[in-house]
Enquirer: 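Mind looking over this structure? Questions follow.
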There are 2 protein chains.
Amino acid sequence: MAEVAALVGDPARANILCALLDGRALTATELAYAAGVSAQTTSGHLSKLRGARLIDVCKQGRHRYYRLTGAHVGQMLESIMAVALTGPPRLQPRSKADDLIRHARTCYDHFAGELGVGIADRLIACDCVVLGNEAGEVTEAGAAFLTELGVDLSAARARRRVFCRPCVDWTERRPHIGGAVGAALANRCFELGWVERVRDSRALNITPTGRRGFMEAFELSV
Amino acid sequence: MAEVAALVGDPARANILCALLDGRALTATELAYAAGVSAQTTSGHLSKLRGARLIDVCKQGRHRYYRLTGAHVGQMLESIMAVALTGPPRLQPRSKADDLIRHARTCYDHFAGELGVGIADRLIACDCVVLGNEAGEVTEAGAAFLTELGVDLSAARARRRVFCRPCVDWTERRPHIGGAVGAALANRCFELGWVERVRDSRALNITPTGRRGFMEAFELSV
DNA sequence: CCGATACTTCGGCCGTAGCCGAAGCAATTG
DNA sequence: CAATTGCTTCGGCTACGGCCGAAGTATCGG
């Protein structure tokens with residue numbers, strides 16, 4: 001157990017894992033950049049993480065793509081973050097990138113930040129979703145609404161992961177919607193071209209189309 | 001974040017935190033013994049853990065009692081353990097103490113091990129409890145049954161924590177019952193003298209009375 | 001008060017592990 | 001078949017942090 005924690009406990013490796021938190025697979029070089037250390041050093045870290053089965057690798061040509069081995073690793077990282085935030089408040093320089101990421105970002109594979117919390121608030125307000133402390137449910141009205149929007153709920157339901165999970169947002173400190181539903185909704189928004197990923201970051205850029213879309217669908221001005 | 005993980009990442013500190021996992025408050029000396037290092041070293045570790053708000057201290061005479069600051073720390077530790085267990089299987093010498101702890105122990109403040117899982121199985125089998133993936137519920141029949149047993153459900157309900165939470169057992173790899181219900185049930189069993197804590201361990205000793213009680217109440221031979 | 005116990009602080013030793021430069025494979029490109 | 005790119009292995013440097021012995025503060029008991 002200490003071993004796993006120690007792996008996460010190195011700043012370079014923590015950066016690597018955080019970079020992988022959005023569920024995408026990244027190359028060793030990209031991770032080296034994210035970690036802020038040289039390629040050699042990164043390579044060493046990656047093989048350690050792989051040894052402990054925290055990450056998987058898949059070769060494609062001369063690239064090697066790394067990803068988290070599963071959602072349990074993501075959840076562990078989130079729970080560590082949650083504890084880290086309850087600690088003594090640290091002065092951190094607010095940067096522009098920071099503001100971006102507070103505004104809208106992905107959290108493993110669903111939306112977080114003001115955007116994610118705003119969507120959750122709206123869905124709860126109009127009885128589309130009921131969120132408990134550790135689980136949530138989509139109402140009939142909610143299913144109808146999401147289907148109307150083009151979200152494939154049946155596919156989400158078929159997957160073996162938790163269907164609807166509240167996920168405490170580390171910037172807003174309020175829950176947003178995770179689980180298969182959150183992922184399906186996020187996917188649909190990508191499809192619709194409402195949001196785009198910002199390069200080298202978990203931050204999201206909301207397109208003009210998205211601005212209109214979120215207003216119409218969720219009465220959300222972003 | 002890396003900071004918190006690094007704190008857990010040291011073997012001595014991991015031992016300390018695990019020793020506190022059952023929710024009891026322990027003295028610095030007891031923790032030194034649990035960690036397997038000297039009192040001075042332990043003192044250093046404790047002040048670091050305190051600095052990061054992972055543990056709280058309360059002075060009582062010449063003793064200082066340390067405890068986890070809250071359930072979120074416990075949950076973080078559990079999630080790290082869960083990941084550690086999915087890693088490469090490690091050969092660990094099975095000791096007598098090991099068997100004891102596999103048989104019956106506390107998990108933060110409720111029962112785990114064969115005992116905890118057995119109780120959960122029985123409660124589910126006779127429709128007293130329904131356990132989902134991330135949350136659970138006590139049925140009317142269950143409420144009646146537990147009240148009959150002397151468990152104070154209304155007090156449990158009044159507390160602000162999650163009422164009924166499935167908690168994956170790290171030895172049995174199946175869920176047992178946590179949350180306020182799990183804690184209340186465990187409390188009642190202590191009151192009835194069915195179980196006693198084993199010194200310096202999270203393991204539990206089941207008394208002869210307990211053996212009869214668990215058989216009558218849960219049809220469980222332990 | 002004096003000694004014992006509980007715990008902390010200080011100082012110095014030592015090992016582990018992170019880091020990079022250099023060099024070595026492997027796959028791709030011109 | 002070089003030259004380039006992506007990634008890894010090796011070797012050596014360095015520093016951070018855990019560890020204990022010794023000494024210093026609290027609290028309790030006789």
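Below, read A as the first sequence line, B as the second, and so on, with proteins coming before strands; counting in each chain starts at 1. No hydrogens, no waters, no symmetry mates; every other heavy atom, side chains included, goes into these values.
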Enquirer: What is the distance, to the nearest angstrom, from the OH atom on Tyr65(B) to the P atom on dT27(D)?
Expert: 15 Å
Enquirer: Within the pair His45(B) and dC19(D), is there a side-chain N or O less than 4.0 Å away from OP1 or OP2?
Expert: yes
Enquirer: Working to the nearest 0.5 angstrom, can you tell me the gap between Arg105(B) CZ and Leu204(B) CG?
Expert: 9.5 Å
Enquirer: So, OP1 or OP2 of dG18(D): does either fall under 4.0 Å of a side-chain N or O from Lys48(B)?
Expert: yes
Enquirer: Looking at dC20(D), I'd like to know if its phosphate oxygens (OP1 or OP2) sit under 4.0 Å from a side-chain N or O belonging to Ser38(B).
Expert: yes
Enquirer: On DNA chain C, nearest-nucleotide positions of Asp10(A) versus Ala39(B): which is more 5'?
Expert: Ala39(B)
Enquirer: Ignoring the backbone of Val37(B), work out which of dC28(D), dT8(C), dC19(D) is nearest its side chain.
Expert: dC19(D)
Enquirer: Could you check whether any side-chain heavy atom of Leu49(B) comes within less than 4.5 Å of a side-chain heavy atom of Tyr66(B), counting everything from C-beta outward?
Expert: no
Enquirer: Within a strict 4.5 Å, meaning less than it, do heavy atoms of the Cys18(A) and Met1(B) side chains meet?
Expert: yes
Enquirer: Would you classify Thr27(A) as touching base, sugar-phosphate or nothing, given that sugar-phosphate means primed atoms plus P, OP1 and OP2, and contacts are heavy atoms under 4.0 Å?
Expert: sugar-phosphate
Enquirer: Of the nucleotides dT28(C), dC19(C), dT27(D), which has the atom closest to the Thr41(A) side chain?
Expert: dC19(C)
Enquirer: Check the pair Asn205(B), Thr207(B) against side-chain hydrogen bond (donor to acceptor under 3.5 Å, both in side chains), reporting the backbone distance first and the verdict last.
Expert: CA-CA 6 Å; Asn205(B) 182 34; Thr207(B) 64; over 6 Å; no
Enquirer: For the pair made of CG in Leu49(A) and P in dA17(C), what is the distance, rounded to whole Å?
Expert: 14 Å
Enquirer: Heavy atoms, side chains only, cut-off 4.5 Å: are Val37(A) and Gln40(A) in contact?
Expert: no
Enquirer: Rounded to the Å, how far apart are Glu3(B) CD and dG17(D) C1'?
Expert: 14 Å
Enquirer: Where the side chain of Arg62(B) is concerned, which of dA6(C), dG6(D), dT9(D) is the nearest nucleotide?
Expert: dA6(C)
Enquirer: Nearest of dC20(D), dC19(C), dT8(D) to any side-chain atom of Tyr66(A)?
Expert: dT8(D)
Enquirer: Whole-Å distance between dG17(D) P and Leu46(B) CG?
Expert: 18 Å
Enquirer: The side chain of Lys59(B) lies closest to which of these nucleotides: dA26(D), dC20(D), dT8(D)?
Expert: dA26(D)
Enquirer: Rounding to a whole Å, what distance do you find between Leu7(A):CG and dA17(C):P?
Expert: 10 Å
Enquirer: Once you round it to whole Å, what is the distance between C1' of dA6(C) and CD of Glu30(B)?
Expert: 12 Å
Enquirer: Does Arg64(A) have a side-chain nitrogen or oxygen under 4.0 Å from the phosphate oxygens OP1 or OP2 of dA26(C)?
Expert: no
Enquirer: Please tell me which of the listed nucleotides, dC19(D), dC19(C), dT9(C), lies nearest to the side chain of Gln40(B)?
Expert: dT9(C)
